[in-house]
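Only one structure is covered here, and it is reproduced in the block below.
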There are 2 protein chains.
Amino acid sequence: MTEKPQKPNRTRRKDEIIASAAQCFMEQGYHATTIDDVARRLGSTKGRVYHYYASKTDLFFDVHRVGMGFLFDALDEVVVGSGDGATVLRRMLMAHANAMLEHHTFENVVAQGVQVHRFGTLNGDQRATLQNLIASRDRFEAAFKRQIQTGIDDGSLRAVDVSVTAKVLLGGLQWSIFWYRPQPNDSVATRDVLARKMVDPLMQGLLPVA
Amino acid sequence: MTEKPQKPNRTRRKDEIIASAAQCFMEQGYHATTIDDVARRLGSTKGRVYHYYASKTDLFFDVHRVGMGFLFDALDEVVVGSGDGATVLRRMLMAHANAMLEHHTFENVVAQGVQVHRFGTLNGDQRATLQNLIASRDRFEAAFKRQIQTGIDDGSLRAVDVSVTAKVLLGGLQWSIFWYRPQPNDSVATRDVLARKMVDPLMQGLLPVA
DNA sequence: GTCTATATGGTGATAGAC
DNA sequence: GTCTATCACCATATAGAC
């Protein structure tokens, strides 16, 4: 009764395809990417891709799902126990900034999911999957809105507009998909330095202490 | 020797096409938009579009050019004479936020220009045009970097990382292309209220005055 | 100047050999 | 499970009628 090795192998193959697709989608955009591009990067042909994915749309959805998973994982590791609302919010923003940099490729594709409305005709499962992806993006933003409200309530944050502020803060970090280019020699530490430079003006503001 | 009306008419026709294309590109993305889509929105056929534009790429470049023009126009109207570095920066951010909201459609397309690298094969003129568009985006960001540096130098801003901060600030405002949806009844005043909610946390930061 | 009709090339997806 | 070959469709772009 040993575990069948089929499932893990299949999963590993799918992960390879997802990684290749993420890279292609980031570089060229979803619509400009062909299945041949994804296969060529794997050193194979599209026969393999279509063996694991029924359609280009399903492949995109899986890349998006993995990308959102990275963001939620980063949030889950934030210690919420100690500190006031502002302190926890800073930890969340730092975790998010680092995740955006580390998973630059996937998060670029996640952003495309917000814009790309044309996936061709979707079947029932695909429509449900799309709804799930949209819902997950909303849940992610909601976590930050709740935390901002918590900080306002406990007096550790100014009384800003919670919804707009959440969008502006996240947008400031997420815009890195447009300008950040991962370097071969950058480490967790170098990314963290950059993340701090990104989060600092958002938390502290630009004005000096009077 | 009256002015020939040909030129203005041609310009007006092109403006119609640009506006239609901008709307289509925003809703569906550049690659997913067909010339038929652009023509259908005009109540015509693609024969008209191709009479004014030699290719879809040229049409995209024109939409992008107009979109960047809106952003520069907004900056040019900012009064730089009075106030310290921080005050002028706030005016610039407010002008930019308002422009992003007012010209939401075009600015969405401008952002696509950052991502879309695949335009098919470009001829010499098109390559030059693309370089111009990229250069204009760089000049725009540079204006904000200079102003942040000015503020740091005169002591009206904290000593943040100029380059990263400029990207984060602009990103926070520009991310509105993903969440802002123009309403039929929103006016200059309502947009300005929203713009203030966007700019305020960026300038003041989130922490309360100690 | 705008239309219809069409040439041309490419892309998602499938069938079937191995 | 992966490949080659191919289909069917769609989009860019052009030609030519009106």
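Letters A, B, ... are given to chains in the order of the sequence lines, protein chains preceding strands, and every chain is numbered from 1.
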Length of the [atom1]-[atom2] vector between [X] and [N], whole Å:
X	N	atom1	atom2	value
A:L42	D:dG1	CG	P	16 Å
A:Y30	C:dG12	OH	C1'	10 Å
A:N123	C:dA13	CG	C1'	14 Å
B:R48	C:dT2	CZ	C1'	7 Å
B:R12	C:dG1	CZ	P	12 Å
A:F60	C:dA13	CZ	C1'	19 Å
A:I35	C:dA13	CD1	P	7 Å
B:K56	D:dC10	NZ	P	15 Å

**OP:** Take the C1' atoms of the five end pairs on each side of the helix from C:dG1-D:dC18 to C:dC18-D:dG1, get both axes, and report the angle to 10 degrees.
**Re:** 0°
Original post:
Got a salt bridge between A:R146 and A:E141, using NZ or NE/NH1/NH2 to carboxylate O under 4.0 Å?
Top reply: no
From [options], pick the nucleotide closest to the side chain of [X]?
X	options	value
A:Y50	D:dT4, C:dA13, C:dT2	C:dA13
A:K46	C:dG12, C:dC3, C:dT2	C:dG12
A:H51	D:dG1, C:dC3, D:dC3	D:dG1

Mind checking if [X] touches a base, just sugar-phosphate, or nothing, with heavy atoms under 4.0 Å?
X	value
A:T33	sugar-phosphate
B:T34	sugar-phosphate
A:Y53	nothing

No-hydrogen, no-angle side-chain donor-acceptor test under 3.5 Å, [X] and [Y]:
X	Y	answer
B:T129	B:N132	no
B:Q115	A:N108	yes
A:T190	A:Q183	no

Original post:
If you take all heavy atoms of B:A86 and B:M203, which pair is closest and at what distance?
Top reply: O-CE, 3.5 Å
Presence of [X] side-chain N/O under 4.0 Å of [N] phosphate oxygens OP1/OP2:
X	N	value
B:R13	C:dT2	yes
B:S44	C:dT2	no
B:T45	C:dT2	no

Original post:
Below 6.0 angstrom between ring centroids: does that apply to A:F106 and A:H64?
Top reply: no
Subject >> With B:H103, the ring-ring contact (aromatic ring centres under 6.0 Å, His included) member among B:F70, B:F72, B:Y180 >> reply: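 Filter result, single survivor: B:F70.
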